[in-house]
Protein chains: 2
Amino acid sequence: MRRDAITSGFVTSADVARLAGVSRSAVSRTFTPGASVSAEVRARVLAAADALGYRVNRLAQGLISSRSNLVGVVGARLAQPFQAMQLALLSSALMARGLQCLLLNADDADQSITPLIERMLEFRARAIVIMSGSPPTAIVEECVRNGVRVVLVYKPVEGVAADTILCDDEGGARAAADLLLASGCRSLAVVSSGGQTPSLARRIAFFRERLAGHDLSPLVWAEGPTSYETGAAAAQALVPQGVDGVFCVTDLIALGFMDRARHGLGRRIPQDLCVVGFDDIPQAGWAAYGLTTLRQDLPAVTRHVVAAIEREAPPPAEAVTVPVTLVRRGSTRAD
Amino acid sequence: MRRDAITSGFVTSADVARLAGVSRSAVSRTFTPGASVSAEVRARVLAAADALGYRVNRLAQGLISSRSNLVGVVGARLAQPFQAMQLALLSSALMARGLQCLLLNADDADQSITPLIERMLEFRARAIVIMSGSPPTAIVEECVRNGVRVVLVYKPVEGVAADTILCDDEGGARAAADLLLASGCRSLAVVSSGGQTPSLARRIAFFRERLAGHDLSPLVWAEGPTSYETGAAAAQALVPQGVDGVFCVTDLIALGFMDRARHGLGRRIPQDLCVVGFDDIPQAGWAAYGLTTLRQDLPAVTRHVVAAIEREAPPPAEAVTVPVTLVRRGSTRAD
DNA sequence: GCTGCTGATGCACGCGTGTGCAATGCTTCA
DNA sequence: TGAAGCATTGCACACGCGTGCATCAGCAGC
């Protein structure tokens, strides 16, 4: 008993072929750009397809080519401004290229994102973009072996044939240090979270290194999640110690720091305290804050990700580093 | 020439069967819960699969069952806090149920999201969640006809067998009006954006209706995108007219309004001006704002969405309305 | 020893699509 | 007119998997 196209279920190319009075091949070719079909047959097929509401089954299509248009995107803390911006830009760019964005939320994936990557392999994804979590080398190698491109955003993995995109943590941290020093701050601190991602750790390290060149050593806060609340907690602990200049490795942390310093501890910014952030999320530019920060070039990052996915050649041996830009606002003093 | 499992490409169940010395059926049954396989064969198969790095092909799996585990999620302005929260919660909930979240960014889809839904149909998605845009009735009906569940979040479509989830715009708008009146505000305004979604339009309407019961008529602002900047622009225009109480249909708008009123126009909140928002995004609770707002129960919305996807029975005739909660903070005066 | 039953296993088919190959018909050129 | 070339079309196979059906071995009960 054949499926009844009227009653329910999806219409297949065989249904269309029957109605149009042609072979199934003709239907397939009609929807395949560059295939050889006469204008007359094409018209009949299109009419029949339209009448029946035919939609090509991409699952079957992917089965043939043994590769889908799916791109797995692994991310976490998607509700936070920076990650949300990243995802919005990336999903938009992928769609523009005809790629499907399969979103994998790593929030509940304690410890390892390996199961998420495995799921993408099962879907024969064309590529996997890692925006969060540190994938074990083994699983990345399995992806590469199977022809699934892996793009690591801010998450370097050693000795693996995957595209890696980094931002200029070094230049950013140095600029932050230089600006705070130029503002006359001498009692400095750097605020990060307990979850030390490679990028955040580098920002701390380069900031400290730069200060060490001036024989200064900042207080270091590295507890709690990467959140507004962590910034507030850090301010509560550090400001009473006389800190007059802070580099927060994330804008979100910086905003929490500013709020607690001002509204809880009565400090004036930038008169009593200078604050520098990192990322340039929209809230940093809001009038209540005016946070001086290091802007990440997210469009550039997105372009690199898409280029890595579409490139045919193997990934370059070296990571791409995207520059950051200092955006001066009211949370720091003019020189 | 058969594929060489060592060299490249994905391992198939036939490869595993060959190595384990069993039939391909045995491999399939090993990975099918509840199927009949002896412990000895299962062990051999698992060993072979592990040695070869076998991963079941979900594309082929979906082809068999003619239904995938994919859930299409249509959203726009994903970088904005509220939408980002929605997406974060939904993607997490879907993953917990073993469903895949296929993200469709509607930002570049001017006018119609129909092409996006069509793409989901081609992937034989199990369900489609519309968080943004107004799908034409015709395409929704096609989804339903093909057994693809459609869940409309805040986007009612008339006369269609789809689950619809609304929030209590009426109760929220009334609570906002009542609170502003109780605070002694008499020169009121309601601020929205130019892109009138059904939900936002209802908030305006019910707010006006409530005030009309007190013989009051608010100024209405409805221009620009639903953004922080729109709130600032509205403040610039409305505050000089003597407005002393504002209902912003979105927190993001409210924060822009507050910032301009305070830092640009020198008004004190709540002494000179009371502001009520809607949504309760994280920023509303930040110390710099303390925005009184109507909290949406996003976890409840998410639960309803997931329930609608998993339900076997046809969707209920009536929309589900999720209540909102008044969260009082410093942007309004105590009675 | 024979029958009936149960669990394990393999064969073969179908899911919906793309495509190589051969056959067919038409056009063009000598 | 005949041959060659080209565009078009259908047949048949392959993609990787799940599963109904038949087969078979093992075992209990008579």
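Each chain gets a letter, A, B and so on, in the order the sequences are listed, and its residues count up from 1. The shown structure was predicted, so the numbers you read here are calculated from the model rather than taken from an experiment.
- In the set C/dG10, D/dA12, D/dC17, D/dA12 carries the atom at the smallest distance from any side-chain atom of A/Ser25.
- For the pair A/Gln61 CD and C/dC15 C1', the computed distance is 15 Å after rounding to whole Å.
- Counting any heavy atom pair closer than 4.0 Å across all strands shown, B/Ser13 reaches sugar-phosphate atoms only and no base atom.
- Within the structure, every pair that satisfies the side-chain hydrogen bond (donor to acceptor under 3.5 Å, both in side chains) test and touches residues 85-101 of chain A, not counting sequence neighbours, is listed here: A/Ser91-B/Asn105, A/Ser92-B/Asp108, A/Arg97-A/Glu310.
- In this structure, the side chains of B/Ile309 and B/Val305 come closer than 4.5 Å at one or more pairs of heavy atoms.
- A/Arg42 approaches A/Thr30 most closely through the heavy-atom pair NH2-O, 3.3 Å.
- Among the heavy atoms of the strands lying under 4.0 Å from A/Tyr54 are primed sugar atoms or P, OP1, OP2 only; no base atom is included.
- Across A/Met120, A/Arg119, A/Glu142, a single residue satisfies side-chain contact (heavy atoms from CB on, under 4.5 Å) together with B/Arg55, and that is A/Glu142.
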Find every protein N or O atom lying less than 3.5 Å from an N or O atom of nucleotides 7-9 of chain D, and list the pairs.
unit_1: D/dT8; atom_1: OP2; unit_2: A/Ser36; atom_2: OG; d: 3.1
unit_1: D/dT9; atom_1: OP1; unit_2: A/Ser38; atom_2: OG; d: 2.7
unit_1: D/dT9; atom_1: OP2; unit_2: A/Ser38; atom_2: N; d: 2.9
unit_1: D/dT9; atom_1: OP2; unit_2: A/Ser38; atom_2: OG; d: 3.4

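- B/Val27 comes within 4.0 angstrom of nothing in the nucleic acid, heavy atoms only.
- The base of C/dG18 is paired with the side chain of A/Arg24 by a donor and an acceptor separated by under 3.5 Å.
- The side chain of A/Leu63 lies closest to D/dC15, out of C/dT17, D/dC15, D/dC17.
- Overall, the helix from C/dG1-D/dC30 to C/dA30-D/dT1 carries an axis bend of 50° between its ends, with five pairs at each end and the value rounded to 10°.
- Closest of all the heavy-atom pairs between B/Cys167 and B/Thr321 is C-CG2, 3.9 Å.
- Contact between B/Leu78 and B/Ala84 at its shortest, heavy atoms only, is O-CB, 3.5 Å.
- Contact check on A/Glu40 versus A/Arg44 returns a salt bridge, with a Lys/Arg side-chain nitrogen under 4.0 Å from an Asp/Glu carboxylate oxygen.
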